[in-house]
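Please read these numbers as outputs of a predicted model, since none were measured by experiment. Every heavy atom of this structure was used, including side-chain atoms; hydrogens, water molecules and symmetry mates were not.
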Amino acid sequence: MPQQNNGLLRAFWAVTLLALAAAVAVLIAYTPDEATMGPVQKIFYLHLPLAINTFLACLLVFVASIGYLWQRSVWWDDLAVAGAKVAVLLCSGVLITGMIWGKSAWGLWWTWSPRLTFSLMLWLLYVVYLTVRASVESGQRRAVVGAVYGITAFLDVPLVWLSARLMPDIHPSSITLSGEMKLTLALWFLPVTLMTFGLIIARFRLNRIIRDTTDETQRGFEPVNLHVSEGIA
């Protein structure tokens, strides 16, 4: 069974890498340059899928946190942690690609617009989530604190999504794309989404292994009761 799972994982990552290679090839050879920004605009095809998958990873933390509070199963806790770590990774990519795009489009690496501010807050919220968890020693308390925090942190996701649509913002709420650009964008969603789920699954499996190993170690060091006869001083 483990060998079969390893084979499936290898096939999954092979498909993911092939999809990524195809997306890069299409981006270079097929997708036209945007008239105003030129070639640097092509970072948008990575930026948007990263952003959407960041939201999906945050949603996973939200759902898994509710699942833990409902069932008190460590399975949900391990899933929430996996989602949070991938969310931080993806959100870092969103911020970096956004800064590169912003420098070309607006002449600024950063500006405190609503969309950018809420995006930075989202990154900070999940970094703090992981930091707070690491500071709590009790496993059960750590899971409860993480679950409550994971539910609360998700409130920033709709703020990121709606900020550019409901508030004045330098960040565009929508972008007009040609047919070739739309096809490229759709194609880039495939490898980024596959990579997101692959990283979450890999991190979740590692969490389970670490937890099982820790539990076995703790069981191996359970205190032994020594009975001393009353006649011995």
For Glu180, look at atom CD and say whether over 12 heavy atoms of other residues, nucleotides or ligands are found less than 6.0 Å away.
-> yes

**OP:** Would you check if Leu185 and Leu48 make a side-chain contact, meaning some heavy-atom pair closer than 4.5 Å?
**Re:** yes

In short, salt bridge (Lys or Arg N to Asp or Glu O under 4.0 Å) pairs touching residues 135-150 with sequence neighbours left out are none

Separation between CG (Leu27) and CG (Leu187), nearest 0.5 Å, reads 9.5 Å

In this structure, CH2 of Trp112 is separated from OG1 of Thr117 (nearest 0.5 Å) by 5.5 Å

Is any side-chain heavy atom of Trp110 closer than 4.5 Å to a side-chain heavy atom of Leu120? yes

Side chain to side chain contact (heavy atoms under 4.5 Å, CB included) filter on Cys58, not counting sequence neighbours, yields Thr54, Ala87, Leu122, Tyr126, Phe154, Val157

Between Leu155 and Trp161, is there shared hydrophobic-cluster membership here, with clusters defined by ILVMFWY side-chain heavy atoms closer than 4.5 Å? no

Is Asn53 close to Leu56 at the side-chain level, that is, under 4.5 Å between some pair of heavy atoms? yes

So the salt bridge (Lys or Arg N to Asp or Glu O under 4.0 Å) pairs with at least one residue in residues 16-33 (sequence neighbours excluded) are Asp33-Lys42

Note: Ser119 and Val160 closest approach over all heavy atoms is OG-CG1, 3.6 Å

Sorted by chain and number, sequence neighbours left out, side chain to side chain contact (heavy atoms under 4.5 Å, CB included) with Ile66 holds for Phe62, Ile151

What one should report as the nearest heavy-atom pair of Ala147 and Tyr68 is CB-CD2, 4.2 Å

- Query: Are the side chain of Thr31 and the backbone N or O of Val26 linked by a donor-acceptor pair below 3.5 Å?
  - Reply: yes

Those residues at least two apart in sequence (or on a different chain) that pass salt bridge (charged side-chain N to carboxylate O under 4.0 Å, His left out) with Arg72 are none

Side chain to side chain contact (heavy atoms under 4.5 Å, CB included) filter on Trp70, not counting sequence neighbours, yields none

Is there a continuous path of hydrophobic side-chain contacts, each under 4.5 Å between heavy atoms, that joins Leu69 to Val136? no

In short, Tyr129 meets Ala80 closest at the heavy-atom pair OH-CB, 3.6 Å

Note to self: With clusters defined by side-chain heavy atoms of hydrophobic residues (ILVMFWY) lying less than 4.5 Å apart, directly or transitively, does Phe118 cluster with Trp106?
What the structure shows: yes

In short, salt bridge (Lys or Arg N to Asp or Glu O under 4.0 Å) pairs touching residues 93-103 with sequence neighbours left out are none

query = Got Arg205 and Leu9 here, is their nearest side-chain heavy-atom distance under 4.5 Å?
reply = yes

d(Leu50 CG, Met195 CE) to nearest 0.5 Å is 9.0 Å

For residues 184-207, the ring pair (Phe, Tyr, Trp, His ring centres under 6.0 Å) pairs (sequence neighbours left out) are Trp75-Phe204

Residues Phe44 and Leu177: closest non-hydrogen pair is CE2-CD1, 4.0 Å

Show the atom names and distances, to 0.1 Å, of all donor-acceptor pairs under 3.5 Å that link a side chain in residues 90-101 to residues at least two apart or in another chain.
| from | atom 1 | to | atom 2 | distance (Å) |
| --- | --- | --- | --- | --- |
| Ser92 | OG | Val88 | O | 2.8 |
| Ser92 | OG | Trp123 | NE1 | 2.8 |
| Thr97 | OG1 | His47 | ND1 | 2.8 |
| Thr97 | OG1 | Gly93 | O | 2.8 |
| Thr97 | OG1 | Val94 | O | 3.2 |

Within the 4.5 Å heavy-atom criterion, are Tyr149 and Val61 side-chain neighbours or not? no

- Message: Quick check: is Leu60 connected to Val74 through a chain of hydrophobic side chains (ILVMFWY, heavy atoms under 4.5 Å apart)?
- Response: no

Between Thr152 and Val148 the two heavy atoms that sit nearest each other are OG1-O, 2.9 Å

**Request:** Please lay out, stage by stage, how Leu183 and Tyr30 fare under the test side chain to side chain contact (heavy atoms under 4.5 Å, CB included).
**Result:** CA-CA 10 Å; Leu183 178 61; Tyr30 172 76; 3.9 Å; yes

State plainly whether one hydrophobic cluster holds both Val127 and Val132, where clusters connect Ile, Leu, Val, Met, Phe, Trp and Tyr through side-chain heavy atoms under 4.5 angstrom apart.
yes

Got a list of side-chain donor-acceptor pairs under 3.5 Å for residues 15-24, not counting sequence neighbours?
| from | atom 1 | to | atom 2 | distance (Å) |
| --- | --- | --- | --- | --- |
| Thr16 | OG1 | Phe12 | O | 2.9 |

Note to self: Do Val63 and Leu59 make a side-chain contact, defined as non-hydrogen atoms from C-beta onward lying under 4.5 Å apart?
What the structure shows: yes

Rounded to the nearest 0.5 angstrom, the CG-OG distance for Leu130 and Ser135 is 11.0 Å

With sequence neighbours left out, the residues meeting salt bridge (charged side-chain N to carboxylate O under 4.0 Å, His left out) with Asp156 are none

By salt bridge (charged side-chain N to carboxylate O under 4.0 Å, His left out), Arg133 pairs with (sequence neighbours left out) Asp77

Here the gap from Arg115 atom CZ to Leu159 atom CG, rounded to the nearest 0.5 Å, amounts to 11.0 Å

- [ ] Would you check, one step at a time, whether the test side chain to side chain donor-acceptor pair (under 3.5 Å) holds for Arg203 with Asn207?
- [x] CA-CA 6 Å; Arg203 185 64 234 189; Asn207 290 344; 3.0 Å; yes

